[in-house]
Amino acid sequence: PLPTYDEVLVCTPNTEEEEVELIVRRALSSDSQNQKIYCLLGAEKLVYKVSKQLESYFFRLLQSSTVPDYRFIIFCNAKVHNSYVITAFDTYKVTIPCYSKTEIQAYLNTHLKVPCGTAPVAQAFEEPYQQNVKFIFSNQGGMGR
């Protein structure tokens, strides 16, 4: 299943230490055995202070955690070389292959189909195919866009 709101933190330069600590705690707590995958997206955007706290929280909780199979993924832009997060977690780095836009769209069209007989929100969009997921971006949150 796709991640829910409590499993993903989209990082910006304004992301606070408390937000980072919360997702790390969720990922390494004994409750994380429920097969959730916790993710930090754009972690290279974290400011130095928050990046240091991320490293500190992660390794401290990892030592005290009793969860052997935690699921915690940090996504970073590989082209950014001055990020503390990339340096701190370098030993865990995995490079993923790049796929073309067409390959990604084909995969999503195959795996994110709306079940027959449902009335999904996706009907509001003009695309001929119906998907469970649509990404809508807005400069102002909570404005109904």
Side-chain angles (χ1 to χ4, degrees), residues 1-115 118 120-125 127 129-145:
L2 292 172
T4 59
Y5 72 93
D6 67 323
E7 296 173 72
V8 178
L9 177 61
V10 180
C11 300
T12 69
N14 298 325
T15 301
E16 297 178 1
E17 295 172 34
E18 293 82 15
E19 295 171 291
V20 170
E21 180 182 9
L22 181 61
I23 198 158
V24 172
R25 285 186 185 279
R26 286 178 182 159
L28 297 177
S29 73
S30 57
D31 294 338
S32 68
Q33 293 290 74
N34 57 9
Q35 305 302 315
K36 289 187 174 188
I37 301 173
Y38 293 91
C39 307
L40 284 180
L41 301 179
E44 77 281 355
K45 295 175 186 170
L46 294 173
V47 296
Y48 179 77
K49 182 180 177 185
V50 176
S51 298
K52 287 286 288 181
Q53 288 296 79
L54 167 61
E55 178 188 32
S56 175
Y57 294 142
F58 178 78
F59 288 110
R60 186 179 33 166
L61 289 172
L62 185 61
Q63 288 178 344
S64 64
S65 177
T66 58
V67 180
D69 298 324
Y70 62 90
R71 296 174 178 205
F72 185 61
I73 302 173
I74 302 173
F75 290 95
C76 293
N77 182 346
K79 295 178 183 175
V80 176
H81 299 289
N82 61 345
S83 169
Y84 185 83
V85 173
I86 293 172
T87 304
F89 293 92
D90 189 56
T91 57
Y92 297 96
K93 182 170 91 172
V94 175
T95 304
I96 56 173
C98 290
Y99 294 100
S100 70
K101 181 179 178 181
T102 307
E103 291 172 315
I104 293 170
Q105 286 175 333
Y107 176 85
L108 292 175
N109 285 334
T110 303
H111 290 83
L112 300 177
K113 292 285 185 193
V114 175
T118 61
V121 175
Q123 290 176 343
F125 298 92
E127 290 89 358
Y129 49 86
Q130 300 293 309
Q131 294 181 331
N132 284 335
V133 178
K134 293 288 181 184
F135 289 98
I136 302 172
F137 297 93
S138 173
N139 292 329
Q140 288 185 296
M143 299 302 291
R145 296 185 199 169

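Please read all numbers here as calculations on a predicted model, not as lab measurements.
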With sequence neighbours left out, what residues match [X] under side-chain hydrogen bond (donor to acceptor under 3.5 Å, both in side chains)?
{"X": "Glu19", "answer": "none"}
{"X": "Glu44", "answer": "none"}
{"X": "Asn77", "answer": "none"}

Partners passing side-chain contact (heavy atoms from CB on, under 4.5 Å) against Ser100 (at least two apart in sequence or in another chain): Thr102, Glu103
Can you name the side-chain contact (heavy atoms from CB on, under 4.5 Å) partners of Thr87, sequence neighbours left out? none
List in chain and number order the residues that pass salt bridge (Lys or Arg N to Asp or Glu O under 4.0 Å) with Glu55, two or more places apart in sequence or in another chain; answer none if no residue qualifies. none
Applying salt bridge (Lys or Arg N to Asp or Glu O under 4.0 Å), name anything that partners Lys49, two or more places apart in sequence or on another chain. Glu17
In the structure I gave you, are the side-chain heavy atoms of Leu62 and Tyr70 within less than 4.5 Å of one another anywhere? yes
Quick one, Ile23 and Phe72 - any side-chain contact, counting heavy atoms below 4.5 Å? yes
Between Arg26 (side chain) and Asp6 (backbone), is there a donor-acceptor pair under 3.5 Å? yes
Non-neighbouring partners of Tyr99 that pass ring-ring contact (aromatic ring centres under 6.0 Å, His included), sequence neighbours left out: none
Under the ring-ring contact (aromatic ring centres under 6.0 Å, His included) rule, collect the residues that match up with Phe89, sequence neighbours excluded. Phe58, Phe59
For Ile74 and Ala43, work out which heavy atoms get closest and say how close. CG2-CB, 3.4 Å
Could you go through Thr15 and Leu40, starting from their C-alpha distance and side-chain angles, then the distance that decides it, and tell me whether this counts as side-chain contact (heavy atoms from CB on, under 4.5 Å)? CA-CA 11 Å; Thr15 301; Leu40 284 180; over 6 Å; no
Rounded to the nearest 0.5 angstrom, the CZ-CD distance for Arg60 and Gln53 is 7.5 Å
Stepwise, does the side-chain contact (heavy atoms from CB on, under 4.5 Å) test hold for Leu54 with Tyr84? CA-CA 10 Å; Leu54 167 61; Tyr84 185 83; over 6 Å; no
